[in-house]
Asks: 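Input: one structure, supplied below.
Reminder, nothing fancy here: chain letters follow the sequence lines and each chain counts from 1.
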Amino acid sequence: MKHWLMKSEPSAYSVDDLAAQPNKTDHWDGIRNYQARNFMRDDMKIGDLAFFYHSSCAEPGIVGIMEVVRAAYSDDSALDSKSDYFDPKATAENTRWVMVDVRLKRKLKRPISLQELKSHKALTGMPLLQRGARLSIMPVTKKQWDYIIKLSDR
DNA sequence: GCCAACGTTGGC
DNA sequence: GCCAACGTTGGC
């Protein structure tokens with residue numbers, strides 16, 4: 001089982017939006033970056049765990065824990081010319097993009113801000129903390145995962 | 001709103 | 001296949 005971090009702008013879709021869904025489950029669409037897509041398509045499996053990360057907001061940071069409940073399948077929003085995620089190169093045979101379904105397990109007892117993540121030496125290897133990091137889906141090591149869970153629980 | 005960093009596009 | 005131009009991300 002793998003661990004992940006998935007970014008979303010709370011103004012577009014927040015952890016509370018996910019919490020409000022039936023069964024706290026929704027699809028994670030709109031990924032339009034090849035590296036992020038390939039992580040979803042090739043490596044993300046049912047049962048994997050992922051942090052819900054709020055980006056581009058007042059207090060960027062990790063706010064919740066999700067479980068992958070459906071592996072990658074076609075993201076048809078790429079076909080919808082009215083969607084923000086429309087991709088003119090997408091075809092019905094090959095939309096080029098995939099999404100997964102996630103279920104919110106729980107919000108963290110307290111959010112762990114980007115600032116706090118940066119202050120821990122044990123986490124300096126996280127891709128999230130590298131300069132210019134723009135990946136919207138990235139792997140998290142078991143070590144980093146456990147460390148952050150521990151932080152949020154104390 | 002600024003801007004650094006990075007990814008993508010497309011002409012050659 | 002190079003690389004300049006452009007678009008996007010995301011912290012500040």
Asks: Rounded to the nearest angstrom, tell me the gap between atom CG in A:N38 and atom P in B:dT8.
Replies: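 Computing the A:N38:CG to B:dT8:P distance gives 10 Å.
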Asks: Using whole Å, what does the distance between atom C1' of nucleotide C:dG11 and atom CG of A:L128 come to?
Replies: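 Nearest whole value for this atom pair: 11 Å.
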Asks: Is a side-chain donor-acceptor pair under 3.5 Å present for A:D48 with A:W4?
Replies: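 Indeed, the side chains of A:W4 and A:D48 share at least one donor-acceptor pair under 3.5 Å.
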Asks: How close or far is atom P of C:dG7 from atom CG of A:D87, stated in whole angstroms?
Replies: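 Taking atom P of C:dG7 as the reference, CG of A:D87 is at 16 Å.
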Asks: Out of C:dC12, C:dG10, B:dG7, which nucleotide sits closest to the side chain of A:S56?
Replies: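 Looking only at side-chain atoms, A:S56 lies closest to C:dG10.
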Asks: Side chain of A:R131 only, please: which of B:dA5, C:dG10, C:dG11 is the nearest?
Replies: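 Nearest nucleotide to the side chain: B:dA5.
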Asks: For the pair made of CD in A:E9 and P in C:dT9, what is the distance, rounded to whole Å?
Replies: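 Rounded to the whole Å, the gap is 7 Å.
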Asks: What is the separation between atom CG on A:L135 and atom C1' on B:dG7, rounded to the nearest whole Å?
Replies: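 That distance rounds to 11 Å.
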Asks: Which nucleotide, C:dG10, B:dT8, C:dC12, lies nearest any side-chain atom of A:Y34?
Replies: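 Among the listed nucleotides, the one closest to the side chain of A:Y34 is B:dT8.
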Asks: Base, sugar-phosphate, or nothing for A:R32, non-hydrogen atoms under 4.0 angstrom?
Replies: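 No contact.
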Asks: Any non-hydrogen side-chain atom of A:M66 less than 4.5 Å from a side-chain atom of A:M6?
Replies: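 Counting from C-beta outward, A:M66 and A:M6 do come under 4.5 Å.
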Asks: In sequence, state the C-alpha distance, the side-chain angles, and the governing distance for A:Y34 and A:R41, and then conclude on side-chain hydrogen bond (donor to acceptor under 3.5 Å, both in side chains).
Replies: CA-CA 10 Å; A:Y34 289 113; A:R41 190 189 59 191; over 6 Å; no
Asks: Any non-hydrogen side-chain atom of A:K7 less than 4.5 Å from a side-chain atom of A:L5?
Replies: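 Result yes, sub-4.5 Å side-chain heavy-atom pair found.
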Asks: Using side-chain heavy atoms (C-beta onward) and a distance below 4.5 Å, is A:K45 in contact with A:V68?
Replies: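 No; the side chains remain at least 4.5 Å from each other.
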Asks: Output yes when at least one side-chain N/O atom of A:Y53 is less than 4.0 Å from OP1 or OP2 of C:dT9, else no.
Replies: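 Checking C:dT9 against A:Y53, no side-chain N or O comes under 4.0 Å of OP1 or OP2.
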Asks: Could you tell me the separation between the CG atom of A:L129 and the C1' atom of C:dG11, rounded to a whole number of Å?
Replies: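 So the CG-C1' distance, A:L129 to C:dG11, works out to 12 Å.
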Asks: What is the separation between atom CG on A:N33 and atom P on B:dA5, rounded to the nearest whole Å?
Replies: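 Computing the A:N33:CG to B:dA5:P distance gives 19 Å.
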Asks: Identify which nucleotide among C:dC12, C:dG10, B:dG7 has an atom closest to any side-chain atom of A:K7, counting heavy atoms from C-beta outward.
Replies: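 Side chain of A:K7 sits closest to C:dG10.
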Asks: Could you tell me how far apart A:H54 (NE2) and C:dC12 (P) are, to the nearest whole angstrom?
Replies: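 Going from A:H54 (NE2) to C:dC12 (P), I get 17 Å.
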Asks: On the nucleotide B:dT9, are OP1 or OP2 found under 4.0 Å from the side-chain N or O atoms that A:K89 carries?
Replies: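 True: A:K89 side-chain N/O within range (under 4.0 Å) of B:dT9 OP1/OP2.
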Asks: Considering only B:dG7, B:dT8, C:dC12, which nucleotide approaches the side chain of A:Q35 most closely?
Replies: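 Minimum distance to the A:Q35 side chain belongs to B:dG7.
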